[in-house]
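What follows is a short report on a single structure.
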Amino acid sequence: MTDTCDVSAFLMSLELEQLESIKLKLEQTLKQQQEEKQKLQQEQRNRPKLPPTFHDLDALAANTGLDLSGLIKDIKRRS
């Protein structure tokens with residue numbers, strides 16, 4: 001509650017030009033965040049639904065974060 005009072009007191013001490021500048025910066029920041037959020041959502045919608053297929057076991061192992069022997073153990077464990 002004291003933070004709100006402190007912020008209010010601070011804002012009341014500012015000139016109108018300073019308040020307008022703060023408002024514009026806040027609106028700009030909000031707009032940028034919304035654009036980034038929309039961009040991420042668009043990227044997620046455009047991402048292929050199926051995992052990529054790998055014909056190279058080394059590439060498959062690197063993609064899963066395992067070495068080749070770890071990948072083979074993981075495959076055997078799942079089957």
Side-chain angles (χ1 to χ4, degrees):
M1 188 81 166
T2 57
D3 291 337
T4 306
C5 294
D6 293 340
V7 171
S8 296
F10 172 74
L11 292 174
M12 293 296 278
S13 68
L14 297 177
E15 299 289 327
L16 286 177
E17 294 83 17
Q18 292 172 318
L19 290 171
E20 185 66 28
S21 174
I22 291 172
K23 178 185 171 205
L24 291 174
K25 287 180 183 178
L26 286 173
E27 288 172 347
Q28 208 172 31
T29 303
L30 180 62
K31 185 178 178 181
Q32 286 175 346
Q33 288 176 348
Q34 289 173 341
E35 288 173 357
E36 289 174 6
K37 184 178 178 181
Q38 288 175 350
K39 183 180 176 183
L40 286 174
Q41 288 174 345
Q42 186 67 27
E43 287 175 359
Q44 288 177 349
R45 280 185 237 138
N46 292 339
R47 195 177 319 159
K49 303 281 189 257
L50 300 174
T53 56
F54 293 94
H55 301 289
D56 180 15
L57 285 178
D58 290 325
L60 181 60
N63 188 51
T64 57
L66 300 170
D67 60 357
L68 194 53
S69 61
L71 178 65
I72 292 171
K73 289 176 186 176
D74 191 45
I75 291 170
K76 285 181 181 178
R77 188 183 75 229
R78 293 179 187 210
S79 54

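Computed over heavy atoms, backbone and side chain alike; hydrogens, waters and symmetry mates excluded.
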Taking only residues two or more places apart in sequence, or in another chain, which ones meet Lys23 in a salt bridge (Lys or Arg N to Asp or Glu O under 4.0 Å)?
->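 Testing Lys23 for salt bridge (Lys or Arg N to Asp or Glu O under 4.0 Å), a comparison that skips the adjacent residues, returns Glu27.
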Got a second to check how far Gln18's CD is from Ser13's OG, nearest 0.5 Å?
->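 That separation rounds to 7.5 Å.
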Would you give the length of the straight line joining atom CG of Leu19 to atom CG of Leu24, rounded to the nearest 0.5 angstrom?
->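 Leu19 CG to Leu24 CG: 11.0 Å, rounded to 0.5 Å.
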Would you be so kind as to tabulate the donor-acceptor pairs closer than 3.5 Å made by side chains of residues 29-42, with sequence neighbours excluded?
from	atom 1	to	atom 2	distance (Å)
Thr29	OG1	Lys25	O	2.9
Gln42	OE1	Arg45	NH1	3.0

Which atoms form the tightest heavy-atom contact between Leu14 and Ile22, and what is the distance?
->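 Heavy-atom minimum between the residues: CD1-CD1, 3.5 Å.
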Quick one: which residue pairs count as a salt bridge (Lys or Arg N to Asp or Glu O under 4.0 Å) with a foot in residues 9-20, not counting sequence neighbours?
->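 Matches after skipping sequence neighbours: none remain.
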